[in-house]
Amino acid sequence: MKTNLQILDCDYVIVNGKPVVRIFGKTEEGESVCAFYEGFLPYFYLDVDSDHDINDVKFEIEEQGLSAHIVEKFLPLGYSEKPKKIIKIIGRDPSKTPEIREWSKQFGTPYEADILFKYRFMVDFGLRGMGWAEVDGNPARTHTVKCKAIEIKTIKPIDVIKNATLKYLAIDTETVVIQKEGLADFSRDPINMISMVFSHEHKGKKSIVLLTKNTIAKDTIICKDEKEMLTKFKDILIDYDPDILVGYNMENYDMPYILKRMEVLNIPRDIGRSEKQSFTRKYGMTQRTTISGRAIVDPYYIVRYLSVYDQPHKFVRFDLNTVSKTLLGKTKIDVGGWREMAKLWKGSSEDLAKFIEYCKVDSELALELVTSHKLVDMNKFIEMSKLSGLIFEDLMTGQAARHENALLHELKKRNYVMPCKPKRITDASDEIKYKGATVLEPDVGFHADGCVLVLDFKSMYPSMIMHYNICPTTLLKDKEKYKEEQFRLSPINAAFVKKDLKEGIFPYVARYYFDTRFEVKGLMKKERDEEALRILDAKQYALKGMLVSLYGYTGFAAGKFFQPEVAASITSWGRENIAKTKKLVEENFPVKVVYGDTDSVFVKTGINDLDQASQLGEEIAKFVTDRLEGLELQNEKLFKRFLILAKKRYAGWAFEKVDGVWKDKIAMKGIETVRRDWCKLTTKTMRKVLETILKEGDVSKAAKIVRNVAHDISKGTVILDELAIVKGVTKSVDQYDGVVPHVELAKKIMQRDPSRGNMIGERLGYVIIKGNQLVSKRAEDPAYVKEKGLEIDPAYYIQNQVMPPLERIFEVCGISSSELLEGSRQRSFGDIFGKMDPPDKTVLKCFDHVVCKKCHWEFRRPTLNGHCPECGSALYFSGNGSMGKFVEFEN
DNA sequence: TGATAGCGGGG
DNA sequence: GTGTACGCTATCA
C-alpha cells in the first residue's frame with residue numbers, strides 16, 4: 001500500500017535494542033501519519049593516521065563488537081585528487097556514537113560522527129524536511145504513536161509542489177498572580193485559564209477557553225481545578241491533533257509554564273504525536289520546547305529575531321499589542337496590569353467574561369499573525385525547510401545548520417564525507433580574525449549638487465565563489481605540487497584548483513541557488529494563481545537567503561567546513577575588485593567615488609538631471625562589467641542629494657525607476673529616526689530635518705526647524721505626550737544601583753499611592769520637569785504634570801533629547817550646534833527662550849563641551865545622574881570646554 | 001575604544 | 001539528543 005506524505009518531524013526509538021526511525025507527516029488528504037523504519041543503523045567514518053595500518057585499526061574496531069568496512073571516499077578539507085581508503089564504522093545505538101567517536105580518535109580523524117541520527121537517515125534516503133515522500137508499507141501495530149502508523153517497506157522522495165494543509169492551534173494561558181511579585185512563578189501560581197483557538201473548526205467550535213471558575217460565557221469549559229483543566233487541555237489538543245502550536249512568546253512563557261504545571265500535578269506530558277514526554281530546555285536567555293510530531297511557531301520569536309530586512313515593519317517595541325496593531329490593525333483587549341487581572345478574576349461575571357475574552361483574543365491575534373501572511377508567509381519556512389532539508393522545528397537554530405544539512409546531501413551524491421564540527425573554541429587562536437571587506441573612506445558632508453549614483457555588484461560574494469571556484473574542497477594545501485595553470489591564487493596567496501579540474505561543492509550550491517532563483521523568478525512572471533505565486537515567492541526568498549549567507553558561513557569559525565583561507569580569500573578578492581572598480585570609474589569618467597562598502601561604489605556626478613545621471617550610471621556599469629571577470633556591476637539607484645556622516649552612516653533622497661517612472665524615497669543607513677529611548681518629539685524633528693535637508697536641500701531651513709522646536713520646548717507649547725519616554729521597572733526599586741529616571745518616578749508614585757505595590761513589571765512614561773535636583777530625580781508622570789500644572793525642563797529636552805542625534809548631521813553640513821541654536825543674530829539660550837529665565841537659578845549657556853570641576857575631564861553633555869563619568873564624585877560641571885562655551889549647574 | 005551586563009516578551 | 005542556541009543598547013574598564 002502506497003502513501004504520500006509531507007515530512008513534518010523525524011525521530012527514533014530503541015525497540016529490542018535496535019533503532020527504529022519514525023517519520024511524522026501529513027498525507028495529501030490532511031491525515032497525520034507516522035511511518036516506521038526498522039533496520040537502519042548509525043555509522044560514521046574514520047580516516048586512519050599514517051602511523052597506523054588501516055587493516056590493524058579495522059581489526060581493533062571489530063574487536064569492540066562493531067562492524068567496520070574499508071571504503072573509498074573523498075576528504076573535503078583541502079583539494080583531494082582521488083578518493084581515500086577510510087573505515088566506515090557501523091554501530092547499533094545512535095546514542096553510543098559520541099563515545100565510539102572519541103575512542104576512535106586515537107587512530108585518526110572521524111568524519112560524519114556528529115550527525116543526528118534522524119538526519120543520517122533522511123540524507124541517506126534523500127528525504128528533506130517538509131519534502132514529500134512516497135512510502136510503501138503496511139499498517140503497523142503500535143500504541144506508541146497517536147496517529148496512523150505505517151511500517152515502511154520502501155521510502156523515497158517525490159516531487160510535489162503543493163503543501164499539505166497544516167492545522168494550527170493557538171494557545172494562551174492566564175495566571176493570576178497572588179503575591180506582589182509581578183510575574184507568575186510556576187512553583188507556586190496555578191494556571192487559571194487556557195484559551196485554544198483552532199485554525200480549522202474543532203467539533204463545531206472555533207475556540208474554547210478552559211478555566212477553573214464558574215462562568216456563563218459561551219465556548220468555555222469550566223473545570224473543578226487546575227489538574228482537571230490541564231488534563232482536558234491535553235485531551236482536546238490530542239483530539240484536535242494540530243501540526244503547529246502558536247502563541248505569543250509561547251516558547252519562553254506559556255509552553256514551559258504549562259509543562260512545569262503538568263509536572264507538578266503529575267499529568268503525563270505526552271502532548272505530541274508519540275509517547276514521548278514534552279520538555280523545555282533553557283539555553284541562556286531563550287528556552288526551547290520539543291513536542292514530538294508537532295512544531296511551535298512563535299510570532300514573537302519571528303518578529304524579534306528574523307532579520308529586520310525581512311520584515312514588513314521595523315518595530316521599536318515587540319509586544320503583542322504593538323505588533324498586531326501595526327500588522328493586523330487589531331488590538332488586544334485592554335485590561336491593565338496584573339493587578340487589574342486579579343480584580344477581573346475575582347470580580348463580577350462581566351469582569352470574568354472580559355478576562356476570558358482577553359485570553360481568547362490574545363490567541364486569535366497570535367494565530368492571525370502567523371497565518372495571515374502579514375507578519376511572515378509560512379510558505380517561506382516551508383521552502384527553507386525543503387531547501388536545507390532540516391525539519392521544521394530545527395529551522396530556527398541558525399544559518400549554519402541549514403547550510404550544513406544542505407551540503408551533506410550534496411556531499412553524499414559526490415562520494416565526499418562531511419567533517420565533524422571543530423573542537424571547542426577555547427584558545428584565542430580560534431578567534432581567527434581575517435581581513436574583511438573594504439569600506440571606502442567617505443567624503444563626509446552634504447552632497448547637494450550633482451546626483452550620486454549607487455552602483456553595486458550583483459551577488460558579489462556568490463559570484464566570486466562561482467567564478468574563482470572558491471571552496472574548502474578546492475583549496476590547494478600543497479600548491480607547489482601543481483602546475484600554475486591548474487589553480488588560481490587569491491590576493492592573500494591561497495590557491496584554488498580551477499573549475500575544469502573539479503568544481504567545488506560551494507561553487508556548485510551557489511550556482512544551483514543562483515540559477516534556480518532565476519528560474520523561479522521567471523515562473524513568477526507567468527503565474528496568475530495567488531497561492532502558487534506565494535509559494536514561488538517563498539522559494540526565491542529561501543534561495544536568496546541561502547545565497548547571501550553562504551559567504552558568512554565560510555567565515556563562521558564553528559562551521560564544519562571552516563578554513564580561514566577560504567573566507568579570507570573571498571574578502572581579499574572583494575577588496576581587489578572594489579579597488580579596481582574605483583580606479584576604473586575615476587580614471588575613465590568625469591566623476592568621483594565618494595563612498596563605497598563591500599560591493600558598492602557611490603559615484604558623485606556633476607549631473608542634476610535624473611535621466612542623464614542614470615544614463616551615465618548605465619555606461620559606467622557596462623564599462624566596469626566588461627573589464628572585470630565573472631562579476632556584474634549594476635546601476636542600482638541614485639541619490640539626488642546625499643548626506644554622509646561617516647562610514648556606514650548616511651541618508652539620501654533616493655530615486656529608482658519602476659516601470660519607467662521615477663519613484664523617490666528617503667533612504668537611510670545607520671541613521672535612526674526611531675529609537676525606544678527617544679521621545680516622539682525627537683523622532684519627529686529628526687524626520688523633518690532630514691526631509692528638509694534632502695528634499696529641499698535647505699540646511700538653513702532645517703536649522704530653523706530645530707530652533708522652532710527649541711522655542712516650542714522653552715515656551716512649553718509642546719504636547720507632553722511627545723516628550724514622554726517609556727521604560728519598564730524590571731526589579732524592586734531599591735535594587736537599582738544608579739539613579740535612573742523611571743525608577744525615581746516609580747518611587748514617587750509608590751509614595752503617593754501605596755496601593756500601587758512594588759511597581760515591578762510596570763512600564764512608566766516620564767517627562768523631566770524643572771527643578772534643581774539631578775535630572776533623574778526630576779522625572780515625573782505626564783498626567784501628574786498636567787494635573788499639577790508643572791513645567792517641563794526645556795534645557796534638558798533641548799540638550800539631551802532633541803539635539804544629540806541632530807548635532808552630527810548639522811556638523812557635517814557646516815553648522816556647529818552652538819550656531820544652530822543661536823541662529824545668526826541670537827547669542828544665547830536667553831535669546832532663544834525669550835525673556836523666560838530659568839526660575840531655579842540654573843544658569844545654562846551653551847554646551848559644546850562640559851568640564852568636570854574636580855578632575856577637569858571633558859565630555860559632551862551633563863550626565864543623567866549628575867556624576868562625572870570619570871571621577872564619579874563631582875556633582876558640579878562648569879568651566880569652559882575647548883570651544884569656550886560651557887554649561888553650569890548649580891545645586 | 002572595546003568588552004560585558006542587562007533586557008525584552010509573557011502575567 | 002551522533003547538536004546548536006539572540007541581538008541590541010547601556011555601561012563599565
Side-chain angles (χ1 to χ4, degrees), chain A residues 11-12 19 42-44 89 91 93-102 110-121 172-178 181-186 189 191-193 247-257 276 279 281-288 290 298-301 303-308 315-323 335-342 345 355 358-359 362 366 390 394 396-402 404-405 420-421 558-560 672 675-677 727-728 730-731 736-738 740 760-763 863-865 869-870 872:
Chain A
D11 70 359
Y12 76 95
Y43 66 88
F44 68 93
I89 304 173
D93 181 351
S95 68
K96 295 288 193 309
T97 307
E99 200 183 299
I100 303 167
R101 173 186 67 209
E102 294 311 310
Y111 284 84
E112 304 192 4
D114 52 4
I115 291 162
L116 296 192
F117 191 57
K118 61 184 173 193
Y119 289 119
R120 170 91 290 160
F121 176 82
D172 185 43
T173 62
E174 306 298 336
T175 300
V176 173
V177 182
I178 306 139
E181 292 286 324
L183 256 180
D185 173 357
F186 60 76
D189 304 320
I191 299 172
N192 303 71
M193 210 186 279
Y248 206 78
N249 202 25
M250 171 193 246
E251 196 115 53
N252 267 306
Y253 181 76
D254 297 84
M255 233 34 237
Y257 207 104
K276 281 196 178 164
F279 62 98
R281 273 192 294 179
K282 241 189 172 149
Y283 301 101
M285 260 341 275
T286 45
Q287 306 185 67
R288 207 84 202 285
T290 314
D298 186 338
Y300 169 69
Y301 189 90
V303 88
R304 200 68 226 264
Y305 299 119
L306 219 63
S307 156
V308 289
F315 290 99
V316 190
R317 295 200 57 217
F318 301 91
D319 56 298
L320 177 59
N321 199 45
T322 307
V323 173
V335 298
W338 57 272
R339 211 176 303 276
E340 286 75 17
M341 287 184 182
W345 178 250
F355 198 23
Y358 167 86
C359 182
D362 277 11
L390 293 178
D394 290 337
M396 301 300 177
T397 67
Q399 290 287 350
R402 294 182 205 172
E404 283 170 358
N405 206 250
C420 290
K421 178 184 273 299
K560 292 185 175 182
E672 285 176 297
R675 263 172 59 168
R676 70 158 72 187
D677 52 348
K727 280 202 175 132
T730 54
K731 50 188 177 185
Y736 283 84
D737 293 331
V740 241
I760 296 172
E762 298 205 37
R763 320 193 117 264
T863 51
L864 278 182
N865 62 10
E870 186 58 20

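Here is the naming used below: chain letters follow the sequence lines, and residue numbers restart at 1 for every chain. Just so you know, these numbers use all the heavy atoms, side chains as well, and skip hydrogens, waters and symmetry mates. Keep in mind the model is a prediction, meaning the values are calculated, not measured.
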Asks: Need one value for A/Asp172: base, sugar-phosphate or nothing, where a base atom within 4.0 Å counts as base even if backbone is also close, heavy atoms only.
Replies: sugar-phosphate
Asks: Whole angstroms only, please: what is the OH-P distance between A/Tyr257 and B/dG9?
Replies: 20 Å
Asks: When all nucleic acid strands are considered with a 4.0 Å heavy-atom cut-off, which category describes A/Pro98: base, sugar-phosphate, or nothing?
Replies: sugar-phosphate
Asks: Just to be sure I understand the rule, does A/Ala401 reach a base, reach only the sugar-phosphate, or reach nothing, if contact means heavy atoms closer than 4.0 Å?
Replies: nothing
Asks: What is the separation between atom CZ on A/Arg317 and atom P on C/dC8, rounded to the nearest whole Å?
Replies: 18 Å
Asks: Over how many whole Å does the gap from A/Met396 atom CE to C/dG7 atom P extend?
Replies: 13 Å
Asks: Separation of A/Met250 atom CE from B/dG10 atom C1', in whole Å?
Replies: 12 Å
Asks: Less than 4.5 Å apart, side chain to side chain, heavy atoms only: is that true for A/Phe318 and A/Asn249?
Replies: no
Asks: Can you tell if the side chain of A/Gln287 reaches within under 4.5 Å of the side chain of A/Asn252, non-hydrogen atoms only?
Replies: yes
Asks: Look at the side chain of A/Lys421 and decide which nucleotide, out of C/dT4, B/dG9, C/dT2, has an atom nearest to it.
Replies: C/dT4
Asks: Quiz question: by atom type and distance under 3.5 Å, do the side chains of A/Asp394 and A/Thr397 form a donor-acceptor pair?
Replies: no
Asks: Indicate yes or no: at least one non-hydrogen side-chain atom of A/Arg120 is less than 4.5 angstrom from one of A/Tyr43.
Replies: yes
Asks: If you check every side-chain atom of A/Tyr248, which of C/dT9, C/dT2, B/dG9 has the closest atom?
Replies: B/dG9
Asks: Specify the separation, in whole Å, of atom CG of A/Asn252 and atom C1' of C/dA5.
Replies: 12 Å
Asks: Got A/Lys560 and A/Asp114 here, is their nearest side-chain heavy-atom distance under 4.5 Å?
Replies: yes
Asks: Within the 4.0 Å heavy-atom criterion, would you say A/Arg120 contacts the bases, only the backbone, or no part of the nucleic acid?
Replies: base
Asks: When all nucleic acid strands are considered with a 4.0 Å heavy-atom cut-off, which category describes A/Thr290: base, sugar-phosphate, or nothing?
Replies: nothing
Asks: Side chain of A/Arg281, heavy atoms from C-beta onward: which of C/dT4, B/dG10, C/dT2 has the nearest atom to it?
Replies: C/dT4
Asks: A/Asn249 has a side chain; which of B/dG9, C/dT9, C/dT2 sits nearest to it?
Replies: B/dG9
Asks: B/dG9, B/dG10, C/dT4: which one has an atom nearest the side-chain heavy atoms of A/Tyr253?
Replies: B/dG10
Asks: Using the side-chain heavy atoms of A/Arg304, tell me which of these nucleotides is nearest: B/dG10, B/dG8, C/dT2.
Replies: B/dG8
Asks: Rounded to the Å, how far apart are A/Phe318 CZ and B/dG9 P?
Replies: 7 Å
Asks: For A/Asp114, report the nucleic acid contact type (base, sugar-phosphate, nothing); a contact means any heavy atom under 4.0 Å.
Replies: base
Asks: Specify the separation, in whole Å, of atom CD of A/Glu251 and atom C1' of B/dG10.
Replies: 13 Å
Asks: Of the listed nucleotides (C/dA10, B/dG10, C/dA5), which one gets closest to any side-chain atom of A/Leu320?
Replies: B/dG10
Asks: Mind checking A/Phe355 for me? I need base, sugar-phosphate or nothing, with any heavy atom below 4.0 Å counting as a touch.
Replies: nothing
Asks: Counting C-beta onward and ignoring hydrogens, is there a side-chain heavy-atom pair between A/Met341 and A/Tyr358 closer than 4.5 Å?
Replies: yes
Asks: Checking all strands, does A/Tyr111 fall into the base, sugar-phosphate, or nothing category for heavy-atom contacts under 4.0 angstrom?
Replies: nothing
Asks: Rounded to the Å, how far apart are A/Leu116 CG and C/dA5 P?
Replies: 13 Å
Asks: Closest approach to the side chain of A/Tyr300, judged atom by atom: which nucleotide of C/dT4, B/dG9, B/dG10 is it?
Replies: B/dG9
Asks: With a 4.0 Å limit, can you tell me whether A/Tyr43 has a side-chain N or O closer than that to the phosphate oxygens OP1/OP2 of C/dT2?
Replies: no
Asks: Base, sugar-phosphate, or nothing: which does A/Asn321 touch, judged by heavy atoms less than 4.0 Å apart?
Replies: nothing
Asks: How far apart are the closest heavy atoms of A/Val323 and A/Arg317, and which atoms are they?
Replies: CG2-O, 4.5 Å
Asks: Measuring from the side chain of A/Arg288 (C-beta onward, heavy atoms only), which nucleotide among B/dG9, C/dA5, C/dT2 has the closest atom?
Replies: C/dA5
Asks: Checking all strands, does A/Thr286 fall into the base, sugar-phosphate, or nothing category for heavy-atom contacts under 4.0 angstrom?
Replies: nothing
